[in-house]
Structures are given as structure tokens and as C-alpha cells.
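A note on names: the letters A, B, ... follow the listed sequences, proteins ahead of strands, and every chain is numbered from 1.
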Number of protein chains: 2
Amino acid sequence: MTAQRGRPRSFDRQAALERAALAFWEHGYETTSISDLTTALGIGAPSLYAAFGDKRQLFYEAVASYQATHGSFTARAMAEEPTARDAIVRILREAATEYTSPDHPRGCLVISAAQNCSPASADVAKALRDTRNKNLRLLEDRIRSDVDSGILPGDTDAHGLALFAAATTQGMSQQARDGAGREDLEAIAEAAVRALPQSSATACR
Amino acid sequence: MTAQRGRPRSFDRQAALERAALAFWEHGYETTSISDLTTALGIGAPSLYAAFGDKRQLFYEAVASYQATHGSFTARAMAEEPTARDAIVRILREAATEYTSPDHPRGCLVISAAQNCSPASADVAKALRDTRNKNLRLLEDRIRSDVDSGILPGDTDAHGLALFAAATTQGMSQQARDGAGREDLEAIAEAAVRALPQSSATACR
DNA sequence: TCCTTTCTCTAGCGATCACTACAGAAAGGA
DNA sequence: TCCTTTCTGTAGTGATCGCTAGAGAAAGGA
């Protein structure tokens, strides 16, 4: 095992990524300047470029850091809940808490950070859009699996239900950024849960 | 009535506003540059500044133009429908068509055009946020009125229901911008309608 | 001690940002 | 015809954008 050569880095790379994620989360990709980032990270521009390549690569790494921490609750719900319905309910309820936490910016970074992009950074917008649409397809497949195995009613529209869950989540992120609190988002989540099909045989309330 | 003095304007001011609205709708406030706008409007920068003041004022006028045309369907539903529930159902259904029209950018300008703003244009972000929150309060008041007059069940959470309708609409705008089609948005709308309380006495389906 | 390697700092690159000074062009009024 | 008024086109303002060349600093290896 070879020891690292040369002058050691003066900052914690992972901590810098987390600070970068907070900055992008708050203001978005294009509106967060390199100058903003060097201030937030407490390092000079050449250090930033040496460590992360360029602004785009730093953003992608910051998004990955976000997904591994604040944004991991959706993947956890998908992995741990026994049914698609349980996963949706848990995602909606945990989003209400996560999106309004006072410890970090409101809403979801993946949803909000690349909304307004110029053609020059269309690929960044596309990357987050692809992430959202991939999650949408994963949820749809999960719902379809439960329909096929009889856990959800046979007439359930898997595609439409996945779209509804995704749209509600994105609407909650938007509401959180517009000032809604945890109770507000919980009310949205519970209203959405009322629209979900029941688990086995459909029951009236 | 005095005739206008001086050299006449070489372009149609209202048509220019509509083109500006399309540009802001597509890319957002900060990411649409003056250079983009002079190209889209087919005029020089001095003409733009003489006619509209500055970028911010042009944006506000473009938003007003949007609200008077593409964005007017919500206010029309609120004014024309007899009940809050009818208004919500109509808004959701018309949004599915409006947000996915091939004649203009996807989604809603008021929702999407000032998502990623730097501190320098925080007032623009606040203006659109205030517009959204004002519409939210109007809907909540309308719901509360129907609850008070017995049209909606007495245990209806007016605030929560208004939040749910607003969040669903915003989620539909996001989905439209992510590539969802009219049928997709209609599925979201119908799912949301299932979560609404029934008109008079609650009935099972 | 001296070399190599890697990072950091100062300073500044060309491009683009929102915006405008200035002069000429196009209209009505006298 | 000439003046006033208003708009348009050229050309550019200082500021900021993302990014980097080059020199010095801080580590390990010989």
C-alpha cells in the first residue's frame, strides 16, 4: 500500500460535497456560481477544480451525496416496505418531514435544483429529469408486480398510480419551498393516501 | 385627443410580450438572457429597454400576459363553477390539456419560471410565490365557504384540501415538463378527484 | 538535503451578463 | 422647411461568469 504523495488536500472532500449540495439545493445549479461555491466550501477556485473537475461534475457528485443522505428515504421505503402501497404511503409521510426540516433547504434537490436551465446546461437538467423518471418507472414496476400477484385490485392503473404518487411528491416539494410546514405537507400526504386503492378487496373507507 | 408624437414603435408591444412569456416559460427568468429576448422578440436591446424598462419589469408584464391568456383557466373555473369541488375538478382536468399543449412550453409559467433564483432576483421569485399562495388562499376560502353552507361535509379540512389541490396542480406541471402527456396528466387528475370529499352526504364511490 | 508530486494562492483569461451613451432615422407640429 | 419628439442601431460600459496559467507551499522518497 503506497502512501499518498505530494501536498495533502487542506479540506475534507466529503464535507465539501455536502456543503455544495446545500448550496445547489437552495439556489439551483446555474444560479449557484463558482464564487458562491468557493465561499460556501471555504476553498479557492483552483482547489475546487483540482478536486472535482468542473462545476458540472461537482454538481453530479453533490447530487450523489444528497441521494445517499437526505434523499435516501424513498429508496429505503421501496426496499423495506412489503407492498407498493405501503412504500407510497411511507414515502409521502416521510417527505412531509424531510421536505420541511429546518436543518437544510426546503423540498427535494433532485426535483428543484435544475428547473430553470439554459440550453448550455440542458444535460444537467436532463440528468435530474432522467433520475426522476427512473424512480417513476421503478415505482410503476413495483405497483404492477403487486397487481399481478393480487395484492392490488386487478383493475389498478399502475402507470397512472405511479404518476399520481410522483406528482404528489413533487407538489409537496414545491409547497415546502413556497412556505408550507410539516403539518401542511402531512395533510397533502393523507389526502393522497385516500386516493390510493385498498390493499386486497376494495373496501368502502 | 392628441396624436402620438415622434417616431412610432416598429414592433407590436403585446406580441412582443407574448413572445417574451414563451421564452421565460421555456427557460425561466434568470436563465433567459437579454440577448435571448432581443433575438426572440426580433428587436434591439435599446428598443426593449425603452418599451419595458428593464428585464424584471418585462418579466412581470410577460407574466401578466400569460395570466390573461394561457393561465386564465384557473380563474375562469373559480368564477364560473358553482362549487369549490367543481372548480377543483375542472382546474385539474383543464390543466391536463393546457400543460401538455404542443403549441407552447410545457407546464405552468407561474409555477416553473422562477424556481432557481439567485439572491439578486429573490424579489422575482417572491412575486411568483406570492401569486401561487394568493391563489391557494382564494381556493381555501372558496372551500370553507362551501363547508359553511353545507355543500361540503362539515369535517372537511379546507386548508388541507386547498393544499392538496394546489400541490397536485404543481405536480402535474412538473410531470408535464418531465415529458408526461395529456393522458398521463388526466390519470393524475382523476386520481386526485378520487381523494376529494363528495358534494353533499358522503357516498361510497 | 534535494527531488518529485500534489495542492493552494494570486492574478487574470475570454465570454457573457444586464444595461446604456450617442448618433441617426422617422414621425407630427409649426 | 425646420424643429421637436421618440424610436432604432452601433458600439460599448463595468461586472460577473466558468475556468486556468504559473509560482510557491507542503508533503513523501531517495
Please determine whether salt bridge (Lys or Arg N to Asp or Glu O under 4.0 Å) holds for the pair A:R76 and A:E81, giving the CA-CA distance in whole Å, both sets of side-chain angles, and the decisive distance to 0.1 Å. CA-CA 8 Å; A:R76 252 200 323 277; A:E81 293 301 318; over 6 Å; no
Go nucleotide by nucleotide along DNA chain D from the 5' end; which of A:G6 and B:I43 gets its closest nucleotide reached first? B:I43
Nucleotide D:dC19, atom C1' - distance to CG of A:L48 in whole Å: 10 Å
So if I take every side-chain heavy atom of B:R5 and compare against C:dC9, C:dA27, C:dG29, which nucleotide ends up nearest? C:dG29
Output the rounded distance in Å from OH (A:Y49) to C1' (C:dA11). 15 Å
From NZ of A:K55 across to C1' of D:dT16 the rounded distance in Å is 12 Å
Would you kindly compare B:P8 and A:A50 by the position of their nearest DNA chain C nucleotide and give the one closer to the 5′ end? A:A50
Here's a test of your reading of the structure: between A:S35 and A:A45, which maps to the more 5' nucleotide of DNA chain D? A:S35
Check the pair A:D146 / A:R85 against side chain to side chain contact (heavy atoms under 4.5 Å, CB included), numbers first and verdict last. CA-CA 9 Å; A:D146 278 11; A:R85 190 185 196 282; 5.8 Å; no
What is the pairing partner of C:dG29, taking Watson-Crick or G-U wobble pairs with both distances under 3.5 Å in any strand? D:dC2
A:Q57 CD to D:dG18 C1', straight-line distance once rounded to whole Å: 14 Å
In whole angstroms, the gap separating C1' of D:dT8 from CZ of B:R9 amounts to 12 Å
With a 4.0 Å cut-off on heavy atoms, is B:T32 in touch with a base, just the backbone sugar-phosphate, or nothing at all? sugar-phosphate
Under the side chain to side chain donor-acceptor pair (under 3.5 Å) criterion, do A:E30 and A:S118 qualify, and how do the steps go? CA-CA 8 Å; A:E30 283 198 301; A:S118 65; 2.7 Å; yes
For B:F52 and C:dT20, what is the distance between atoms CZ and P respectively, to the nearest whole Å? 16 Å
So, A:E18 versus A:H104: side-chain donor-acceptor pair below 3.5 Å or not? no
D:dC7 phosphate, OP1 or OP2: any side-chain N/O from B:S47 under 4.0 angstrom? no
Please give, in whole Å, the distance from D:dG18 P to A:L58 CG? 11 Å
Check the surroundings of atom CZ in A:R142: do more than 12 heavy atoms from other residues, nucleotides or ligands lie under 6.0 Å from it? yes
If you compare every side-chain N and O of A:S10 against the phosphate oxygens of C:dC7 (OP1, OP2), does one of them come in below 4.0 Å? no
Here the distance between atom P of C:dC17 and atom CD of A:E30, to the nearest Å, is 11 Å
Side chain of A:P46 only, please: which of C:dT10, C:dC7, D:dG9 is the nearest? C:dT10
